[in-house]
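Each remark here refers to the structure printed beneath this line.
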Amino acid sequence: MNFFTHIGRYLLMLKGMFSKPENPKLYWKEFMHQCSEIGVGSLGIVIIISFFMGAVSAVQAAYQIVNPLISKTVIPQIVRDTVILEFAPTLICIVLAGVIGSKIASELGNMRVSEQIDALEIMGINPKTYLVMPKIAAAIIMIPMLVILSMVLGIVGGRITVVASGIVSAETYDRGLIELFLPYNVFFAMMKAYTFAFIISSVPAYFGYYVNGGSLEIGRSSTKSVVVSCILILVADYILAALLL
Amino acid sequence: MIEFKNIVKKFGDKLVLNDVSHKMETGKTNLIIGTSGSGKTVLQKCLVGLFEPDEGEIIYDGTSFTQMSEEDRKLLRQQIGMLFQGSALFDSMSVEDNVKFPLDMFTKLKQQEKLKRVNEVLERVNLVGSNKKFPAELSGGMKKRVGIARAIVLNPKFLFCDEPNSGLDPQTSMLIDKLISDITRDYKMTTIINTHDMNSVMEIGDNILYLKDGKKEWTGNSKDIIFSENKNLNQFIFASEFLQDAKLHRMMEAKRI
Ligand SMILES: Nc1ncnc2c1ncn2[C@@H]1O[C@H](COP(=O)(O)OP(=O)(O)O)[C@@H](O)[C@H]1O
Ligand SMILES: [Mg+2]
């Protein structure tokens, strides 16, 4: 199948998602379930990565600044800006593309192959609305929250390491953090988070929903979905930077 | 009643259904029989709209299904129950939740009433006490029975079963056949069963459509089969010498009466 058929089918899937729920209560339940799967399910990895990401960028910033004329407050500023602008939204979302994306693709792929999606359709339920929509909605709600958490943890992680190793004092670090702070950066990061959240959920949902064949195909489409989402995240990252910065 | 006329279905340039027409009758077990690969599943999926036929018309109780809007189809489907070849139970839900799912989605019953109905159908398929089990913990035969329970929980007018007894031992297989044919009579459903099981054909075949290579080769009921001169049909149904003997025996018996 060529590139344009994929795009067409992807857009049709998104369009088909919008239909009136037969019973809003069940859809809400499914949405909450997905929120917990996506949000709580990837909390652990986000915490670990964010902390170390902040720690490493602080140590490296300290290592590169050897000139005694440069104020030590530059270190927390470097940590703050790299974490907020790039690490928290992009790196975390690339990791989440693996964690959440493969889960979404394999769950839907399995449901397709074992005819559970057909079973829903036969009952008179729109499987796109019931299965795909709650996943995308949950990702759009939960992933930006994870990104905010990651920003905070990254900055805290940097603080703990540089303070513990005596490179910068706690007061200098905190003073540096508020100096030259641009709230616009946080807005920019959130725009990225929302865009990536949509990519991470909708692309794997597409690959999973349209799996064709046996269980081997589930693995293949889950891998494909992660690769495609990662590439799309990087492309979108560049486009957003070019547009908004 | 479900009637279909001149159904043609191709996958690429492979012709899977070639101009098939037939009537499925209400209150009867209508069988679609044929070797594997003859197009039974594809025909059933065309009838419920999981595949779109390339040509032909499908009519449910006088209304054209082929020309129905997607919304109307959704409504009609609430009167259709389907048992899939692999049961297609929802992995993430227990037996009880699987069967309750259509009730949750489409009825405003109270929780208690729903559970009562769930237990009713589970009893009907002989699965009392498995409410809290998950599909992964069930045997093939149990899965099929849960599948049937889920398919009939809303009292559908039309019931589709794709090889309800493939992969089951002869005894369980008979039980399932009997169950489906009893339900069909009791609730006056239009039931359509795909099978290549010779026992089912002889026991519950009220109205049989024999497909060969995607074409309608023969129709009739289980009594007609014994006297049929159709060579392909005879080879298909009475495949072994043992069954050939059984057929002769039945023929003689029938003539004596
Ligand atoms: N989705 C599909 N794409 C292409 N070919 C298919 C598809 N589904 C079924 N077929 C082909 O249609 C023919 C009939 O299949 P099927 O209806 O499943 O047979 P059966 O009578 O065993 O149920 C087979 O040759 C199969 O290869
Ligand atoms: Mg089949």
Side-chain angles (χ1 to χ4, degrees), chain A residues 1 5 12-13 15-34 36-38 41 103-104 106-131 133-135 138 208-215 217-218, chain B residues 11 41-42 44-45 47-51 68-93 97-109 111 114 135-136 143 146-148 150-154 156 158-163 192:
Chain A
M1 238 179 14
T5 359
L12 281 179
M13 178 191 83
K15 183 169 161 257
M17 249 168 35
F18 296 96
S19 73
K20 192 168 166 289
E22 295 76 25
N23 180 347
K25 235 166 80 188
L26 278 196
Y27 282 74
W28 178 251
K29 200 172 135 199
E30 176 65 15
F31 168 70
M32 293 311 275
H33 174 69
Q34 291 302 330
S36 116
E37 286 274 301
I38 291 174
K103 189 152 76 181
I104 291 180
S106 54
E107 182 186 328
L108 287 175
N110 178 45
M111 292 189 81
R112 166 64 72 195
V113 169
S114 59
E115 297 184 309
Q116 293 172 48
I117 293 184
D118 288 341
L120 282 172
E121 186 137 14
I122 286 306
M123 287 176 192
I125 295 164
N126 181 344
K128 294 184 193 105
T129 317
Y130 183 66
L131 295 174
M133 173 84 110
K135 290 187 171 63
Y209 193 85
Y210 289 106
V211 165
N212 203 330
S215 33
E217 282 304 314
I218 302 175
Chain B
F11 287 107
T41 302
V42 173
Q44 234 184 41
K45 290 194 171 171
L47 293 183
V48 295
L50 288 173
F51 287 144
M68 230 178 241
S69 71
E70 200 48 45
E71 279 310 302
D72 288 341
R73 282 187 178 195
K74 265 174 76 173
L75 286 178
L76 174 71
R77 280 181 179 146
Q78 292 171 22
Q79 306 184 343
I80 295 181
M82 189 160 187
L83 169 67
F84 287 83
Q85 204 160 342
S87 301
L89 302 180
F90 302 125
D91 295 327
S92 56
M93 298 181 192
D97 291 342
N98 259 287
V99 179
K100 192 154 70 71
F101 186 79
L103 293 171
D104 285 336
M105 195 57 101
F106 296 112
T107 69
K108 298 216 153 37
L109 297 176
Q111 196 64 10
K114 285 184 204 160
K143 276 188 203 165
V146 178
I148 296 177
R150 187 179 66 184
I152 61 171
V153 74
L154 286 176
F158 310 97
L159 179 65
F160 290 81
C161 303
D162 197 356
E163 310 215 0
I192 293 152

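Chain identifiers are assigned alphabetically (A, B, ...) following the order of the sequence lines, protein sequences preceding nucleic acid strands; residue numbering begins at 1 within each chain. These figures come from a predicted structure and were not determined experimentally.
Only the side chain of B:K45 has a heavy atom closer than 4.5 Å to any heavy atom of chain A. If you measure heavy-atom distances from B:R150 to chain A, the contacts under 4.5 Å come from the side chain alone. Residue B:L154 does not touch chain A at all, counting heavy-atom pairs closer than 4.5 Å. Within the 4.5 angstrom heavy-atom criterion, atoms from both the backbone and the side chain of A:I122 approach chain B. For a residue to count as touching a neighbouring chain, one of its non-hydrogen atoms must lie under 4.5 Å from one of that chain's; by this rule B:L50 touches chain A with the side chain only. Looking at A:K25, neither its backbone nor its side chain comes within 4.5 Å of chain B, counting heavy atoms on both sides.
Counting heavy-atom pairs closer than 4.5 Å to chain A, the top-ranked of the candidates B:D91, B:V48, B:I80 is B:D91. In terms of heavy-atom pairs under 4.5 Å with chain B, the best-connected choice from A:S114, A:S19, A:A119, A:P21 is A:A119. Among B:Q79, B:Q85, B:K74, B:M82, the residue making the largest number of heavy-atom pairs under 4.5 Å with chain A is B:K74.
Separation of the B:F101 and A:Y130 ring centroids falls under the 6.0 Å cut-off.
In this structure, CZ on A:F31 lies 15.0 Å from CG on A:L26, to the nearest 0.5 angstrom.
A donor-acceptor distance shorter than 3.5 angstrom exists from the side chain of A:N126 to the backbone of A:G16, with no hydrogens or angles considered.
No more than 12 heavy atoms of other residues, nucleotides or ligands shown are found within 6.0 angstrom of CZ on A:F18.
Between A:E121 and B:R73 there is no salt bridge, since no side-chain N of the basic residue sits under 4.0 Å from a carboxylate O of the acidic one.
The closest side-chain heavy-atom distance from A:L108 to A:V211 is not below 4.5 Å.
With A:K128 as reference, A:M13 is the one residue of A:K15, A:M133, A:M13 to meet the side-chain contact (heavy atoms from CB on, under 4.5 Å) rule.
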